[in-house]
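Hydrogens, waters and symmetry mates play no part in the numbers below; they use all other heavy atoms, side chains included.
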Amino acid sequence: MEGAQLQNIKGIGDKLSQKIIDELGGEDELNQVIENLDLERLINIEGISQRKAIEIMNQLIGNPAQKFLKSDRAIQLYEEIIEKIVSYSNTSYAKNRILLLAPIKDEEIIEERLNFVMNAKEKVSELPLYELDRLMKHLNEPKQSKPNYDASKAILVESNEDADYLMDLGLNRYYTILTASDSPFFQEELRGYELIYYIYTEGFLDLGDMPNLIMINKDAPIYQLVPEVILDYFKENRDLFERVSKIKAILGEETVLNDIGPILDELESYKTKEVDLDEIVNNEKRHIDRELKERIQNIDLEGDEVLDLLNNALPPKLEEIFNEILSKSKETIKLESGIDFDPFIRKYPIEIDDMEMERVKTEILSNSENNYFDKKSTAAEQLASIKEDAEREVSDIIKFDYEYALGSFAYLYDLNKPEFTNEYDLNQALHLNLCLRERTINEGIQRVDYKLNEEENIALLTGANSGGKTTLLETISQIAILGQMGLPVPAKSAKIKLLDEIYHFSKKRSLDAGAFESFLNVFMPIVTSDSEKLVLLDELEGITELEAAVKIISSFIEMIEESNSFAIIVTHMANELMKYTDIRVDGIEATGLDENYNLIVDRTPKMNYLAKSTPELIIKRMYNNSPPELKKVYGKILEKF
């Protein structure tokens, strides 16, 4: 894709074209955006709205939506369909692809897409949707973790070149990097850190007896040099991986993601196993002091034993008591801490040997950190081995969201695959806005049948006010648009024709000359083009005076009859039009009001039947629902019917 092709898109000149390429980072990135249908990146460019981004992308990938949808109401109905499907998406991946679904005429592509959606519908019908909706919500690609800098540890290297290499890897974001020095204070500086990672190339540094030192070969993988690189990544995305693993289980698919939690938990449990040596020793000191006091009180000392005490020597009797008690204490400390040492000075009360405690603590810390590093390295290696598979599984589920959204839409709206023929024959069709209500409240929702064929390719639709004429017209539009998008339709069965264009004109109530001229500018090209089209006109008589409207519409009828197009005209001037042209007239008729004063209507039009508009039933309903002062007015009106 070159910038020049961007300039060919309506509304994009040299300046905006160059801005798009610059913002994306070049033409290669633009190609990547197109390949991934990444609308978000276009929308994030200042000056490009969502609609403009969709228009740009559609033209870049060759979607002909604008060629098929030829009126404002047709475009609006299409956008309402898209909005309904998008509501079932959980990812930008699915949303972008849904926003780019467009009506086409290529039957092979349409059939392929229909089969995909119908398979998705069947799959979704067997899934626990409530649970899946919760797990799928806001799925995204795994995030890169932010390094957690630890000033208590440092990396030691042999040369500046090694330091530069590790900095290029970004390891200085985790620990300070030190280069070996001949300074006599250097080793003392190293001892100030809890742990030193000596990442060596040659291994020639003689650092003496440093228990806080871990040696790692520079050629080891990055996650072995600093395990946190991989560990933090999996901790950051743990919730995501757990959700995806549950989704995979629901879908009955194998996964490596179940291994992540146990590996991280084992590492965490090891860290929490660290013992509080001070607490253990202090508890033992209190116990020793109590026991010494009790046992020494019951000892009788001879004269020479008293002299021994005066000479700061323990008599054999006391020595034996100290030995026995301290020996048991040493075993207790070893059992609780795992360390074999004697932290006490033989006095009463007993004293803790602070120097011995510090020595042991340093040794413990060194051993603990070394052991913990080994555990982290092992965990990092295990996680690194499944990282690629884990990311692929997340990507697969994100891509599944597109299938899930389309399948949910088709299943919950009870949509069915249409058949492509040379006619329109709808069996038990229903407006999309009523489909979800039908699932929960079946009473009062009526499906409709309707047909047009090559012999009768145009019809007038007459009948009751609020009887469903407009709803039927919109239902037919929805079915036509959905079918050419390659999506199932809201009907038990449907035969439809693949066409070049669809026009849907909603009710007009303006006698303004400018509005009339504007309408003619849009309306007249319909009858002059050779394209096959579906034209739906909803009560257009208000655009001008009755006689002119009859002449315009009757001329339109004659031209449509001689074409390969189809049209339905909702009108209250069928009698006038029948004087000018021979046309099929269908009717939706209200037969009365129910106990709640709602119209009783058979929503399926009667073929070749001129139905009355029955405004008196609407007035009667308003009469019964009005306060006394208005009832008088409506009563007088009813007297005239």
Side-chain angles (χ1 to χ4, degrees), residues 32-43 50 53-54 56-58 60-63 65 78-104 106 108-142 240-241 243-253 255 257 390-417 432 481-490:
Q32 199 67 39
V33 166
I34 297 166
E35 184 178 338
N36 295 332
L37 301 181
D38 195 350
L39 272 181
E40 293 297 320
R41 291 190 65 186
L42 286 180
I43 294 168
Q50 183 184 75
I54 293 170
I56 291 170
M57 187 69 80
N58 270 327
L60 289 173
I61 64 177
N63 270 350
Y78 162 75
E79 290 176 345
E80 289 170 3
I81 290 169
I82 291 293
E83 186 178 345
K84 285 177 169 62
I85 306 173
V86 163
S87 70
Y88 293 101
S89 67
N90 302 282
T91 63
S92 58
Y93 175 92
K95 179 181 177 182
N96 289 343
R97 277 150 183 76
I98 292 165
L99 289 173
L100 294 169
L101 284 172
I104 55 177
D106 188 321
E108 185 177 342
I109 296 176
I110 288 173
E111 282 287 347
E112 183 180 334
R113 192 179 290 170
L114 270 168
N115 290 333
F116 173 80
V117 178
M118 293 306 292
N119 288 335
K121 175 188 174 184
E122 183 177 358
K123 186 174 184 177
V124 163
S125 70
E126 298 172 353
L127 295 174
L129 299 188
Y130 177 80
E131 185 178 0
L132 263 182
D133 285 343
R134 180 178 58 83
L135 292 170
M136 297 282 290
K137 196 62 65 182
H138 306 307
L139 277 183
N140 49 30
E141 295 287 351
L240 170 66
F241 290 137
R243 286 165 59 200
V244 171
S245 72
K246 290 176 183 176
I247 295 169
K248 298 278 283 186
I250 290 171
L251 298 178
E253 299 175 0
T255 177
L257 301 174
E391 291 174 340
R392 176 184 50 77
E393 288 188 23
V394 172
S395 180
D396 287 346
I397 293 302
I398 287 174
K399 290 176 181 175
F400 165 70
D401 187 43
Y402 176 62
E403 177 184 358
Y404 180 69
L406 291 175
S408 297
F409 173 63
Y411 171 64
L412 295 172
Y413 278 79
D414 190 23
L415 308 183
N416 294 291
K417 185 177 180 179
L432 281 175
I481 294 168
L482 281 165
Q484 295 210 202
M485 289 173 70
L487 301 176
V489 301

Glu253 CD: over 12 foreign heavy atoms closer than 6.0 Å: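 Result for CD/Glu253: enclosed.
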Would you say CD of Glu80 has more than 12 non-hydrogen atoms from neighbouring residues, nucleotides or ligands within 6.0 angstrom?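 Counting neighbours around CD of Glu80, more than 12 heavy atoms of other residues, nucleotides or ligands fall under 6.0 Å, so yes.
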How many angstroms lie between [atom1] in [X] and [atom2] in [Y], if you round to the nearest 0.5 Å?
X      : Y      : atom1 : atom2 : value
Asp38  : Ile43  : CG    : CD1   : 9.0 Å
Tyr78  : Leu482 : OH    : CG    : 11.0 Å
Asn90  : Asn140 : CG    : CG    : 11.5 Å
Lys246 : Leu132 : NZ    : CG    : 12.0 Å
Glu393 : Ile398 : CD    : CD1   : 12.5 Å
Leu139 : Ser89  : CG    : OG    : 11.0 Å

Side chain proximity check, Tyr88 to Tyr413, heavy atoms < 4.5 angstrom: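 Yes, at least one pair of side-chain atoms sits under 4.5 Å.
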Please lay out, stage by stage, how Ile110 and Leu114 fare under the test side chain to side chain contact (heavy atoms under 4.5 Å, CB included). CA-CA 6 Å; Ile110 288 173; Leu114 270 168; 3.9 Å; yes
Donor-acceptor pairs under 3.5 Å, side chain of residues 91-103 to any protein atom, not counting sequence neighbours: which ones?
{"from": "Thr91", "atom 1": "OG1", "to": "Ala94", "atom 2": "N", "distance (Å)": "3.1"}
{"from": "Thr91", "atom 1": "OG1", "to": "Asp401", "atom 2": "OD2", "distance (Å)": "2.8"}
{"from": "Tyr93", "atom 1": "OH", "to": "Arg97", "atom 2": "NE", "distance (Å)": "3.3"}
{"from": "Asn96", "atom 1": "ND2", "to": "Leu37", "atom 2": "O", "distance (Å)": "3.4"}
{"from": "Asn96", "atom 1": "ND2", "to": "Ser92", "atom 2": "O", "distance (Å)": "3.2"}
{"from": "Arg97", "atom 1": "NH1", "to": "Asn36", "atom 2": "O", "distance (Å)": "3.1"}
{"from": "Arg97", "atom 1": "NH1", "to": "Tyr93", "atom 2": "O", "distance (Å)": "3.3"}
{"from": "Arg97", "atom 1": "NH2", "to": "Asn36", "atom 2": "O", "distance (Å)": "2.9"}

Pair Ile397, Leu251 - check side chain to side chain contact (heavy atoms under 4.5 Å, CB included), show working. CA-CA 10 Å; Ile397 293 302; Leu251 298 178; 3.9 Å; yes
Compare every heavy atom of Val489 with every heavy atom of Gly483, then report the nearest pair and how far apart it is.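 For Gly483 and Val489, the tightest heavy-atom pair comes out as N-CG1, 3.9 Å.
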Between Pro142 and Val394, what is the shortest heavy-atom contact and its length?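 For Pro142 versus Val394, the nearest heavy atoms are CD-CG1, 3.9 Å.
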What residues form a salt bridge (charged side-chain N to carboxylate O under 4.0 Å, His left out) with Arg392, not counting sequence neighbours?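 Testing Arg392 for salt bridge (charged side-chain N to carboxylate O under 4.0 Å, His left out), a comparison that skips the adjacent residues, returns Asp389, Asp396.
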Review item, side-chain donor-acceptor pairs of residues 115-131, under 3.5 Å, at least two apart:
{"from": "Asn115", "atom 1": "OD1", "to": "Lys417", "atom 2": "NZ", "distance (Å)": "2.7"}
{"from": "Asn115", "atom 1": "ND2", "to": "Glu111", "atom 2": "O", "distance (Å)": "3.2"}
{"from": "Asn119", "atom 1": "ND2", "to": "Asn115", "atom 2": "O", "distance (Å)": "3.2"}
{"from": "Lys121", "atom 1": "NZ", "to": "Leu415", "atom 2": "O", "distance (Å)": "2.6"}
{"from": "Ser125", "atom 1": "OG", "to": "Glu122", "atom 2": "O", "distance (Å)": "2.5"}

Would you find a donor on one side and an acceptor on the other, under 3.5 Å apart, between the side chain of Ser408 and the backbone of Tyr404?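 Confirmed, Ser408 side chain pairs with Tyr404 backbone.
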Polar side-chain atom of Arg113 near backbone of Met485 as donor-acceptor pair, under 3.5 Å: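 Here the side-chain-to-backbone pair exists.
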